[in-house]
Number of protein chains: 2
Amino acid sequence: MSSVKPDKQQQHDVFQAIADPTRRSLLQLLVDRELPVTTLTGHFPMSRTAVSKHLRILSEAGLVTERKVGRERRYRLEPEPLLELKRWLAFYDRYWDNKLDALKRLVESDES
Amino acid sequence: MSSVKPDKQQQHDVFQAIADPTRRSLLQLLVDRELPVTTLTGHFPMSRTAVSKHLRILSEAGLVTERKVGRERRYRLEPEPLLELKRWLAFYDRYWDNKLDALKRLVESDES
DNA sequence: CAAAAGCGAAACCATTTGGTTTCATTTTAT
DNA sequence: ATAAAATGAAACCAAATGGTTTCGCTTTTG
């Protein structure tokens, strides 16, 4: 009768994943090339383990994948999930593309 | 000689601001209209104070502004900071726009 | 004027986050 | 066969996050 709490592991989404500057840099570094954790760590003032945990979060969000090569584990950028962000952002395109909207808001707020 | 700790107040950027789903909803609700805190709170299962704190964070990121109207404080969407996100995201456009890049990566990783 | 509405500030709390160090495991190099 | 390299897992910690309740201030309404 083991009643050890179900222990729900909180998944990360793409919005949370890119919220951290270190993780954004990691994505940047992985553009056009696979890199192992140790190499990536060289670019940050923190331990390899910390970088590893950031990679894990990126992985949960689907933004990187890994493949074992010998004793290395090479990480690769997986940009597809960024499309969700792109779509979210596209909603606000009206504010820049459509000058009429700005005018509309101006008129509407002018009720003095 | 007042030596009261500088008290650095951690500013929030646009990446952190949109990381929270409640805050993304708030932005959504403010599209094309100003709304006071109480009205906004009606859309969430949390206290007015909690919503107020989310608005504060959005404000720090420059995503909303407020103006006092009587005893109300009306919040308005300020989409400009989203351009930073847009620019950041644009960097990865190559992955979708340029099919040649996919090929390039494929070839480069084939060094067996 | 007194009550109510609208709101932020403050104090408080549990959980998450971002980091650390230590340890065990797998794979390569001597 | 050992030693070293590469790495994730685990335990731990301080600070940030996301929420609450209480309080006080300003403005409107009756």
Side-chain angles (χ1 to χ4, degrees), chain A residues 4-27 29-30 33-61 63-76 112, chain B residues 4-27 29-30 33-61 63-76 112:
Chain A
V4 228
K5 284 282 177 54
D7 192 42
K8 66 164 168 181
Q9 55 158 345
Q10 165 77 1
Q11 278 301 42
H12 292 86
D13 63 29
V14 69
F15 289 94
Q16 293 169 250
I18 66 157
D20 184 273
T22 299
R23 289 196 288 270
R24 290 198 297 278
S25 297
L26 282 170
L27 295 182
L29 286 167
L30 290 175
R33 61 185 173 189
E34 290 184 326
L35 291 177
V37 181
T38 306
T39 305
L40 287 167
T41 302
H43 294 79
F44 302 95
M46 67 183 71
S47 72
R48 175 187 52 76
T49 314
V51 172
S52 207
K53 293 212 284 186
H54 280 302
L55 286 167
R56 149 82 65 154
I57 288 169
L58 289 172
S59 171
E60 281 173 6
L63 284 167
V64 301
T65 52
E66 63 213 87
R67 86 178 221 268
K68 280 193 64 174
V69 175
R71 59 186 158 183
E72 288 184 347
R73 191 172 286 266
R74 301 212 185 133
Y75 284 84
R76 155 196 296 268
S112 58
Chain B
V4 228
K5 283 283 176 53
D7 191 41
K8 66 164 168 180
Q9 53 159 344
Q10 166 76 0
Q11 278 301 43
H12 291 87
D13 62 29
V14 69
F15 289 94
Q16 294 169 251
I18 65 156
D20 184 273
T22 299
R23 289 196 288 270
R24 290 198 297 279
S25 297
L26 281 170
L27 295 182
L29 287 167
L30 290 175
R33 60 183 174 191
E34 291 184 327
L35 292 177
V37 181
T38 306
T39 305
L40 289 167
T41 302
H43 294 79
F44 302 95
M46 67 184 70
S47 71
R48 173 187 52 78
T49 314
V51 172
S52 207
K53 294 212 282 187
H54 281 302
L55 285 167
R56 148 83 64 154
I57 289 170
L58 290 173
S59 172
E60 282 173 4
L63 284 166
V64 301
T65 51
E66 62 211 89
R67 84 179 223 268
K68 280 192 62 174
V69 175
R71 61 186 156 183
E72 286 184 349
R73 191 172 287 264
R74 302 213 183 132
Y75 285 84
R76 153 196 296 268
S112 58

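Lettering of chains follows the sequences in order, A, B, ..., and the numbering in each one begins at 1.
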How close or far is atom P of D:dT17 from atom CG of B:D20, stated in whole angstroms? 11 Å
For C:dG18, does OP1 or OP2 lie under 4.0 Å from any side-chain N or O of A:T22? no
Starting from C1' on D:dT7, measure out to NE2 on A:H54 and report it in whole angstrom. 17 Å
Is any side-chain heavy atom of A:I18 closer than 4.5 Å to one of A:L63? yes
Does a side-chain heavy-atom distance below 4.5 Å link B:L35 with B:R33? yes
Listed nucleotide nearest any side-chain atom of A:P36, set C:dC7, C:dG19, D:dT7: D:dT7
Any non-hydrogen side-chain atom of B:L30 less than 4.5 Å from a side-chain atom of B:L40? yes
A:S25: what forms a side chain to side chain contact (heavy atoms under 4.5 Å, CB included) with it, not counting sequence neighbours? A:F44
A:H12 side chain near C:dT16 phosphate (N/O to OP1/OP2, under 4.0 Å): no
Quickly work out the B:Q16 CD to C:dG18 C1' distance and round it to whole Å. 12 Å
Rounded to the Å, how far apart are B:R74 CZ and C:dG6 P? 12 Å
Identify whether any heavy atom of A:F44 sits under 4.0 Å from a base atom; if not, whether one sits that close to sugar-phosphate; answer base, sugar-phosphate or nothing. nothing
Who passes side chain to side chain contact (heavy atoms under 4.5 Å, CB included) against A:A19, sequence neighbours left out? B:A19
Please state how far atom OH in A:Y75 lies from atom C1' in D:dG8, giving the value in whole angstrom units. 8 Å
Length of the line joining A:R73:CZ and C:dT28:C1', which is rounded to integer Å: 16 Å
Contact pattern, 5' to 3', of nucleotides 20-30 of chain D - B, S or - by protein heavy atom under 4.0 Å: BB----SBBS-
Gap between atoms CG and C1', on A:D13 and C:dT16 respectively (whole Å): 14 Å
Using a 3.5 Å cut-off and no angle test, enumerate the donor-acceptor pairs between side-chain atoms of residues 45-52 of chain A and protein atoms at least two apart in sequence or in another chain.
from, atom 1, to, atom 2, distance (Å)
A:S47, OG, A:A50, N, 3.1

Starting at CZ of B:F15 and ending at C1' of D:dA16, how long is that distance when rounded to a whole Å? 20 Å
Can you name the salt bridge (Lys or Arg N to Asp or Glu O under 4.0 Å) partners of A:R73, sequence neighbours left out? A:E66
